[in-house]
Protein chains: 2
Amino acid sequence: MRVTLRDIARECGVDVATVSRSLNGAYGVREKTRRKVLTVAKRLNYRPNRLAKGLVTGRSRTLAMVISDIRNPFFAELARGAEDAAYRAGYELILCNSDLSAEKQMQYVHSLLEKRVEGILMNSVAGLSHSERQELSQSGVPIVLLNRPPAQVQGFSTVLADNFAGGERAGNYLIHLRHRVIWHLTGPRQHGNLAERTRGFRKALEGAGTEVASLTIRGHHNTEGAYQMMKKLLRQHRAPTAVFAANDAMAFGAIRAIFEAGRRVPEDISVIGFDDVELAGIIRPPLTTIHQPKYEMGWAAVEVLLQQAERPGQWSPQHRLMEVRLVERESCRPISRRAHDQ
Amino acid sequence: MRVTLRDIARECGVDVATVSRSLNGAYGVREKTRRKVLTVAKRLNYRPNRLAKGLVTGRSRTLAMVISDIRNPFFAELARGAEDAAYRAGYELILCNSDLSAEKQMQYVHSLLEKRVEGILMNSVAGLSHSERQELSQSGVPIVLLNRPPAQVQGFSTVLADNFAGGERAGNYLIHLRHRVIWHLTGPRQHGNLAERTRGFRKALEGAGTEVASLTIRGHHNTEGAYQMMKKLLRQHRAPTAVFAANDAMAFGAIRAIFEAGRRVPEDISVIGFDDVELAGIIRPPLTTIHQPKYEMGWAAVEVLLQQAERPGQWSPQHRLMEVRLVERESCRPISRRAHDQ
DNA sequence: CTAGGCTTCGCAAGCGTTTGCAATATAATC
DNA sequence: GATTATATTGCAAACGCTTGCGAAGCCTAG
């Protein structure tokens, strides 16, 4: 049924070996025979069986991506970058949605190992037990963790946005706009990325020295959480002139609370976010935020993977820190000198 | 290095065949030996090589999805549904972003055929030449087209939202709210899905008989297109009491134009969309729209594929029509009886 | 004309499985 | 206890490809 090397060989009156060599452009076959083989292969519409090829070469030309949910636009963007990079290198990408369930994650990984994928991109190994992580890091396939701080576990590569620099940039920006009373909405202390943003932000404020008053509030790091925090705070304290939300979702919540409290963004209160999700450019007012290079992160992760796939068994983990950048839209406004001086 | 059947066989003092049979739960091996094999396999941390298995069985336990861009939330949702269905059946899903480029599409398909995927979900085969389509439909692997009308090309299965019923439902809803002057914004006549929605919509209006005045306007079927159409129309005609946009993106454009013309939604003009994209629930006012069961469509597509993968070589194309439903939010409002009677 | 060196090609093993068939062991029957 | 049926197991081929090795074939040089 399916046409194989053997069919071509028979048709050309040569051995399968020569056919194989011809097709793979390998050295050691006369130009004339090669040409003949090629035309016959084309005529028969030959398609090499990658399973067979993979079996003998030990390479599947496949990568995989295990993320919590592709519907999250952050991952969709990452996936697109990763897939583009893979495609360019002649690899395919298997998509796995884990919902961060440890069980699903491990099941996926096992399946993938059985399929002999040459590398795995992972959202996180946080939910896994120590022995499971051990198993992964010793599985032999390169694994890169997406947007997770390196130190977590040995044995994994990472690709990470520079959260510290981003926080710092947000802080500097607000200070540059002459804000002096700034609230910072963020999540729990253990959340590595968020913590880095906070550290960077604080550094910026310290750098400004003098009379900057800031308040850091922790809560659920989503829209609803930020909404609640902000609502409560606005009742209890004198309003700030600016808010730095640790991610865009929180910024949306904060903005809603601000409007409901009868103030305006950015006229009364400036708001800056972090991530630059698509919605940030769509809502009113368009949100000024720190952009994470999601597409590039996906691409970089695949680069790392492929690099390591080249030297089976003898690569060591690698860490890439990706630059972030400020994208100015309309949710921040400078404090006028007069207002400031009064 | 990697542990194989042979290793287990040696360790247990049996033949690889018995090991294989034990592991696959096949009939014909004594309970005692099987148990022994299993424990040894576990101890050695054995992972079957799917490439080898696939080579002999001819089945790769892999499906693929070729879509234009995973960053489009519509496809992300489809992909999630498809992947969940695949996972449940023990299959993996390869993700391919084609950007609708005919060349990329064909390259992907060829790679996938070489990897012996057992089925392919495709966005569209529209850009392909006749011979390319022929090649696909005769490739031997089942292919299902996502959200494309069946008749297009023979040989492909389809999974399609019931656009006709959706259009009809939108029409009936507006009539039920006592609207009598309705504009319908849509795309070019050749666009199959949009055309169906229009047909359904017209049917509803006809059903209402009497004094319903409707106007159908065609243009670019995106936000900007609808914005321009609507802007122009509002200057030239007396405003309608309701607008049916052929998709949500167009509804957004229409709403913007309406606001800019100094009218309100839904107080002055009701707007209903189609698709139910995520943004529909987020904008102000939240958009009433026809929901397409995207997740379910992805799931259904995989069901079709797997069903056909079961009978290699002897399945025939299959078409699934998915129900849509109206989701009422806040962009539509009934005409008061008084206003209506006056 | 013969020896040595290249180039071109075929042979055959091997990658890790599954599976039909034959061989052996065990159980059942009388 | 012999005979037959049945449950286990091993043997070996096959899946479609790559690749080391050696056999021809051809060319060049001495």
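What you see is a predicted model; the values in this text were computed from it and never measured. Just so we're on the same page: letters track the sequence lines, and every chain starts at 1. What's counted below: heavy atoms across the whole structure, side chains too, no hydrogens, waters or symmetry copies.
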(request) Calculate, to the nearest 0.5 Å, the distance between atoms CD1 and OG belonging to B/I143 and B/S157 respectively. (result) 9.5 Å

(message) Any carboxylate oxygen within less than 4.0 angstrom of a Lys/Arg side-chain nitrogen, looking at A/R47 and B/E135?
(response) yes

(request) Using the six-membered ring of B/Y87, assess whether NZ or CZ of A/K104 lies under 6.0 Å from its centre and within 45 degrees of the ring axis. (result) yes

(message) So that I can tick it off, tell me whether B/R88 and B/D84 are bridged by a salt bridge, with the cut-off set at under 4.0 angstrom between side-chain N and carboxylate O.
(response) no

(request) Would you mind reading off the distance between A/L23 atom CG and D/dT19 atom P, rounded to a whole angstrom? (result) 13 Å

(request) On DNA chain C, check which nucleotide each of B/Y46 and A/T33 is closest to and give me the residue with the more 5' one. (result) A/T33

(request) Please report, rounded to the nearest Å, how far the C1' atom of D/dA14 is from the CZ atom of B/R59. (result) 19 Å

(request) Quickly work out the B/N24 CG to D/dT8 C1' distance and round it to whole Å. (result) 17 Å

(message) With a 4.0 Å limit, can you tell me whether B/T18 has a side-chain N or O closer than that to the phosphate oxygens OP1/OP2 of D/dG10?
(response) yes

(message) For B/E114, is there an ion pair with A/K53 - N to carboxylate O distance below 4.0 angstrom?
(response) no

(request) Would you indicate, yes or no, if D/dT18 has its OP1 or OP2 atom less than 4.0 angstrom from a side-chain nitrogen or oxygen of A/T57? (result) no

(request) Answer yes if the side chains of B/N123 and B/S68 hold a donor-acceptor pair under 3.5 Å, and no otherwise. (result) yes

(message) Using whole Å, what does the distance between atom P of nucleotide D/dA14 and atom CG of A/L51 come to?
(response) 20 Å

(message) The side chain of A/T4 is closest to which nucleotide in this list: D/dC17, D/dG10, D/dC15?
(response) D/dC17

(message) So for B/R116 and D/dG16, does any side-chain atom that can act as donor or acceptor lie under 3.5 Å from a complementary atom in the base?
(response) no

(message) Between B/Q134 and B/H130, do the side chains contain a donor N or O and an acceptor N or O under 3.5 Å apart?
(response) yes

(request) Go through DNA chain C in 5' to 3' direction and return only the first and the last nucleotide with some atom under 4.0 Å of chain A's heavy atoms. (result) C/dT7 to C/dG16

(request) Between B/R30 and B/A52, just flag the one whose closest nucleotide in DNA chain D comes earlier from the 5' side. (result) B/R30

(message) Measure CG/A/L5 against P/D/dC15 and give the value in whole Å, please.
(response) 13 Å

(request) Return the value, rounded to whole Å, for the distance between atom CG of B/D15 and atom P of D/dA13. (result) 13 Å

(request) Send over the distance from B/N49 CG to D/dC17 C1', rounded to a whole Å. (result) 14 Å

(message) Distance check needed: D/dA7 P versus B/R34 CZ, whole Å only.
(response) 15 Å

